[in-house]
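Residue numbers start from 1 in every chain, and the chains themselves are labelled A, B, ... in the order their sequence lines are given, proteins ahead of strands.
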Number of protein chains: 2
Amino acid sequence: MDAIDARQGRVKRLPREVRERQILDAAVRVFSAHGYHTASMDEISDVAGVSKPMIYAYLGSKEDLFAACIRREATLMMEAIAGGVQGDSAPDMQLWQGLRAFFSFVGAQRDSWRVLHRQATSQGGPFSDELVAMRGRAIELVDALLVRSATKQGMDEQATKGTSAMAAALVGAGESMADWWVDHPEVPGRTLATWLMNLVWMGFGDLVEGKVWTPNED
Amino acid sequence: MDAIDARQGRVKRLPREVRERQILDAAVRVFSAHGYHTASMDEISDVAGVSKPMIYAYLGSKEDLFAACIRREATLMMEAIAGGVQGDSAPDMQLWQGLRAFFSFVGAQRDSWRVLHRQATSQGGPFSDELVAMRGRAIELVDALLVRSATKQGMDEQATKGTSAMAAALVGAGESMADWWVDHPEVPGRTLATWLMNLVWMGFGDLVEGKVWTPNED
DNA sequence: AAGTAGATTTACCCGTCGGTAGGTTTCCTG
DNA sequence: CAGGAAACCTACCGACGGGTAAATCTACTT
């Protein structure tokens, strides 16, 4: 089991904030490299250039540390997305911008995404809670876009109720695509965004217009 | 950590084949319930109704056992899919049938899928190898369909080269969708298959006809 | 009945790793 | 220059869990 090296040069007596950041940085790297269980607190402390008890003093148990990683990276991601969307654009363009920002973030921060999504998903329990929270915020946002677009295009009020389900599906599809992307880095992020746009936007629009692929027989 | 109960009634002196099957059954359940690392050999042996050394005698180490689980479930799945496709149908219908069979299998065997895909993916190393093999076979199959369809529709020979990439993308999309499905069981499998069909088939067909969503600006 | 091979168990070893006790150093404040 | 608070470390513990040694038991063969 090869340990991550490149520990930071030991500087002494740094303020708590800085140490916490170093520890979180190290934790994200080690967790994403080895997975939650296989990652050892010893290695994290080593990579962070700090002794183990510091981690427990500042960030708590291993679970706490992992949760803290997720929280931080999730926040970073949501900010990156929000920063990439222009609020005055048309709904489809906003969705497009959001997707591009999303895939751009994931592409630049594969480590973060690994720890944030793939690891947190495969471990159950308290970890996924952090994800659920973030996903919830994302879904609300997307749902607002869908509703704006649907009512504008004249979708009947009844069908509008389904938007939240579709928003959830879209967000889930985005997550899954990003996850899939980890194993297929050669595909450009723009392409992913386009695919997703076609899937959900056509699937959504065509759901009104009725132009979709259907099996001839069953 | 609640342990799985419902151990099979101890029958003594069974032939090796039978015991191996019991052990694999138990292993799939426990691995999918707790995840690879958290699952303990003790619990697996308990659920299987067999003592621990038997597992080591028959299936080898924990890693070996896990790999054996993946291999078995992967084979089962491929057989299920192959059984659902009629070789004389049109390409799009074959794809449709395959997708339906695939989602049908995953839907009926969530446990298997969990251990087969989600767990194996999040753990790295030797485990994913088994998956890679299966995925390879699936991609070949899909690629054949795409090529048949593309040349039939008059796609130029040049573009045909991209089919293998698209086949890989399609298979990956299917995997990811199934993975996403684990967290959204309320969506019917047929719907998933339709979505995927629309994504890839329209994306594929429209890639020839040029009718896709594209951003106005950017 | 004896012998043999495979099925099956109990009881144990020991490495790894999360977590902590308790002390030491540095810096800031009055 | 006290003196205290906060940063920081070495060294250790204890449990969990993978893996095994060495017997024992049953069933079939000759």
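Within the 4.0 Å cut-off from OP1 or OP2 of C:dT8, at least one side-chain nitrogen or oxygen of B:R19 is found. When the side-chain nitrogen and oxygen atoms of A:Y58 are compared with OP1 and OP2 of D:dA7, one or more of them lie within a distance under 4.0 Å.
Checking B:E17 against B:P53, the closest nucleotide of DNA chain C that is more toward the 5' end is the one next to B:E17.
Distances were taken from every side-chain heavy atom of A:M54 (C-beta onward) to each of D:dC8, C:dA7, D:dG19; the shortest belongs to D:dC8.
For A:R13 against D:dA7, a side-chain-to-base donor-acceptor contact under 3.5 Å is present.
Summarising the geometry, the separation between CG on B:D42 and C1' on C:dT9 is reported as 14 Å, rounded to the nearest angstrom. Straight-line distance from the NE2 atom of A:H37 to the P atom of D:dG17: 10 Å, rounded to whole Å. Atoms CZ (B:F66) and C1' (D:dG18) sit 16 Å apart, rounded to a whole Å. For A:K52 and C:dC17, the NZ to P distance is 10 Å, given to the nearest whole Å.
Ring pair B:F103/B:W113: centre-to-centre distance not below 6.0 Å.
Comment: A:D25 engages A:R72 in a salt bridge, judged by a side-chain N to carboxylate O separation of less than 4.0 angstrom.
Cation-pi contact between A:K62 and A:Y36: present, with separation from the ring centre below 6.0 Å and deviation from the ring axis of at most 45°.
Exactly one of B:L131, B:V106, B:I70 qualifies for a side-chain contact (heavy atoms from CB on, under 4.5 Å) with B:H117. That residue is B:L131.
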